[in-house]
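Before any comments, here is the structure.
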Amino acid sequence: MMDNKDVEAEIHPLKNEDRKSQESFGNRLKNEDNLKSMPAQSRLSRCRTVAFFLSLFICLFVVFVVSFIIPCPDRPVSQRMWKIDYNAAVTYDFLAMEDINRDKIQDVVFLYKNTNSSNNSNLSCADEGFSSPCAFVAAVSGANGSVLWERPVVQDVAFVECTTPQPSDHKVSSACILVGRPGSFLAVDLFTGETLWSHPSSFGGNTSILTPLLQVPDIDSDGAPDLLILTQEGKEVSVYIYSGSTGDQIGHRSSLGVDGVSGPLLHVTRTGAHYILLPCASSLCGCSLKGLYKKVTGRDGPFKSDPHWENMLNASTHRLLPSSGAVRYLMNVPGKAGQDVLLVSSQDCVLLDGQELTPRWTLGAAQVLRKPILGHYKPDTPAVVIENGTGINRQILLLDLSSGAILWSQTLPSFPGAPPPNSLPTADHRSAFFFWGLHELIGTNETDPRDARHSLYMFHPTLPSVLLELANVSANIIAFDVVLFEPSRHAAYILLTGPASLDVPGLVSMIKQKVRDLVPDSRVVHLGEGRPDSDQAIRGRFSWLRYRSEV
Ligand SMILES: *[C@@H]1O[C@H](CO)[C@@H](O)[C@H](O)[C@H]1NC(C)=O
Ligand SMILES: *[C@@H]1O[C@H](CO)[C@@H](O)[C@H](O)[C@H]1NC(C)=O
Ligand SMILES: *[C@@H]1O[C@H](CO)[C@@H](O)[C@H](O)[C@H]1NC(C)=O
Ligand SMILES: *[C@@H]1O[C@H](CO)[C@@H](O)[C@H](O)[C@H]1NC(C)=O
Ligand SMILES: *[C@@H]1O[C@H](CO)[C@@H](O)[C@H](O)[C@H]1NC(C)=O
Ligand SMILES: *[C@@H]1O[C@H](CO)[C@@H](O)[C@H](O)[C@H]1NC(C)=O
Ligand SMILES: *[C@@H]1O[C@H](CO)[C@@H](O)[C@H](O)[C@H]1NC(C)=O
Ligand SMILES: *[C@@H]1O[C@H](CO)[C@@H](O)[C@H](O)[C@H]1NC(C)=O
Ligand SMILES: *[C@@H]1O[C@H](CO)[C@@H](O)[C@H](O)[C@H]1NC(C)=O
């Protein structure tokens with residue numbers, strides 16, 4: 001509320017002015033007796049004028065200096081597109097992003113197997129004591145594709161995963177953990193390519209390592225999260241714990257006593273207890289990190305257990321919950337109060353409450369053969385993307401994560417070895433989604449899908465009746481990612497192509513391409529009846545999409 005005086009002043013602005021001018025007129029009459037003071041006053045006003053212009057000049061000068069003379073800090077120029085090739089090589093389904101050369105542009109780390117390293121480097125397998133060909137780790141600049149470092153690391157790759165340190169552990173560098181064949185276990189510094197530690201591995205020849213690697217809170221008090229690895233040999237699942245900073249084994253191998261088949265999940269309950277969840281036969285199995293640590297080392301660790309979960313767990317079989325079919329995937333998803341668990345089985349998809357493990361929703365009749373991904377369909381509302389079925393009948397479903405309601409669905413024929421979908425947050429707090437599919441979406445007849453061209457489609461929830469075909473590839477795709485190379489800038493994709501078999505070397509290529517540059521030549525695919533926007537207007541909408549960094 002304004003003061004009454006102010007209101008009056010606003011209504012009668014002239015009244016005050018009048019009064020003031022009358023007053024000053026009176027003052028002037030009074031001052032006229034005092035004629036001597038006049039030159040002093042005019043000198044004063046001249047001084048004021050000079051001061052005014054001087055300060056104005058200084059201001060303008062400062063503006064001029066700041067905007068024209070002091071150069072802007074050099075921004076590295078990011079090329080819109082680059083491509084690198086390795087002849088007679090093979091590559092692996094692995095890509096990691098990190099700003100390695102600190103130029104504020106994400107760089108790419110990948111693996112390839114070759115006789116020599118790339119053109120300009122003279123490292124060969126023999127330099128590191130491997131026979132040719134061997135596996136190299138390479139880091140290339142996201143800005144222009146130049147090789148930052150590369151070196152032979154293992155004879156052959158059995159497992160690779162990079163650990164990202166939490167923002168709280170400043171001391172810990174980003175590292176990639178590799179298990180090599182035969183028998184090596186090492187960590188490579190992502191920034192320099194140097195080996196942080198290396199040990200002969202204790203995993204048997206027929207052992208497979210269950211992905212992902214689990215990072216557990218620091219057990220050996222060295223400031224780095226430790227590593228928990230689950231392996232499977234035959235039907236037996238074993239657990240190993242390693243120090244994150246030295247790679248030394250903590251305690252001894254222990255058998256878990258379940259017949260797990262796929263990826264474990266480290267889940268933290270709302271009471272702060274750590275549990276490892278595992279798919280086992282047609283149940284969800286689990287065990288507390290507290291119990292596991294005790295089993296491996298014989299000591300009590302700094303872990304809690306949750307009485308509610310201990311009640312649900314069958315101590316002899318480790319069963320937590322029955323499932324309506326074989327459990328295929330487990331993932332942590334953001335819930336209303338902490339993390340919930342999305343369970344995908346051969347029969348359905350169920351969202352489980354992260355504390356009570358009660359179902360929040362169930363989607364039946366879906367054949368999901370790949371781990372779902374997350375994104376946003378409505379602003380700031382998490383959605384989950386699932387692929388129902390494979391091949392010609394693959395259907396993409398976007399579900400509201402909190403209710404399980406289907407927000408969007410579309411049949412999009414897939415092909416063997418198609419990369420999984422991808423999503424990237426956009427500035428409107430939704431996500432852009434990227435799907436690989438066959439070039440001919442509708443009316444595909446039974447042509448051999450291996451001969452067909454593979455297309456990258458883009459989808460944005462503000463244009464639900466349109467898919468944009470961004471690119472066409474006929475090469476065999478090994479790995480794919482859509483990345484925001486620079487914060488709040490344009491999105492680009494990284495495509496790694498190479499021979500389908502690890503035994504037959506061929507051309508390995510990595511391509512970076514800016515998404516926006518693909519839009520003008522893209523093909524607009526109308527899905528059913530939509531708004532009759534022109535293709536050009538639709539391309540314009542996609543071209544003006546702004547992206548946002550995650551978190
Ligand atoms: C190697 O050289 C060829 C031809 O000069 C080039 O096309 C390719 O990108 C180079 N590869 C790397 C990894 O630098
Ligand atoms: C590897 O490098 C050596 C020496 O530079 C060269 O003789 C050989 O042909 C290279 N091998 C391949 C497969 O490029
Ligand atoms: C690679 O070449 C550089 C010079 O170009 C040389 O100093 C270095 O010793 C070589 N490294 C190996 C392993 O041959
Ligand atoms: C690529 O960019 C880096 C800096 O990010 C620069 O040092 C290098 O010379 C560039 N290479 C080429 C081939 O432009
Ligand atoms: C791996 O499995 C095969 C067949 O099951 C067996 O013949 C071989 O001895 C096993 N190797 C090791 C190292 O256990
Ligand atoms: C645990 O599972 C076994 C086998 O299914 C069953 O015999 C046993 O009764 C269960 N224990 C509890 C406490 O439910
Ligand atoms: C999944 O696909 C199958 C077969 O195409 C179909 O019968 C089923 O209704 C689909 N599920 C959902 C949830 O749409
Ligand atoms: C499939 O394609 C072939 C060759 O292009 C054509 O002859 C045939 O009629 C097509 N079949 C269907 C069902 O469209
Ligand atoms: C995909 O390939 C077809 C024919 O090979 C071409 O007509 C079409 O323009 C291509 N689409 C894109 C987005 O490049």
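Counting starts at 1 for both ligands and their atoms, following the listed order.
- Across all their heavy atoms, Trp361 and Ser403 have their closest contact at CD1-C, 3.3 Å.
- Classification of the Phe435-Phe459 ring pair by plane angle, with boundaries at 30° and 60°, yields tilted.
- Using bins of under 30°, 30° to 60° and over 60° for the plane-to-plane angle, the ring pair Phe303/His274 lands in the perpendicular bin.
- Under the 30°/60° scheme for interplanar angles, the aromatic rings of His454 and Phe415 are found to lie parallel.
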Distance-only donor-acceptor pairs under 3.5 Å for side chains of residues 285-293, two or more places apart:
{"from": "Ser288", "atom 1": "OG", "to": "Gly291", "atom 2": "N", "distance (Å)": "3.0"}
{"from": "Tyr293", "atom 1": "OH", "to": "Arg299", "atom 2": "NH2", "distance (Å)": "3.1"}

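- Of the N and O atoms on the side chains of Ser455 and Asn472, at least one donor lies less than 3.5 Å from an acceptor on the other residue.
- Considering backbone and side-chain N/O of Asn388, one or more are found under 3.5 Å from N/O of ligand 7.
- Under 4.0 Å from any atom of ligand 6, one finds heavy atoms of residues Asn314, Ser316, Thr317.
- Every atom of ligand 7 with a heavy atom of Ala365 under 4.0 Å away is listed here by number and element: 1 (C), 8 (C), 10 (C), 11 (N), 12 (C), 13 (C).
- Less than 4.0 angstrom separates some heavy atom of Gln395 from each of these atoms of ligand 7: 1 (C), 2 (O), 10 (C), 14 (O).
- The main-chain N or O of Asp340 is found under 3.5 Å from a side-chain atom of Asn332 such that the two form a donor-acceptor pair.
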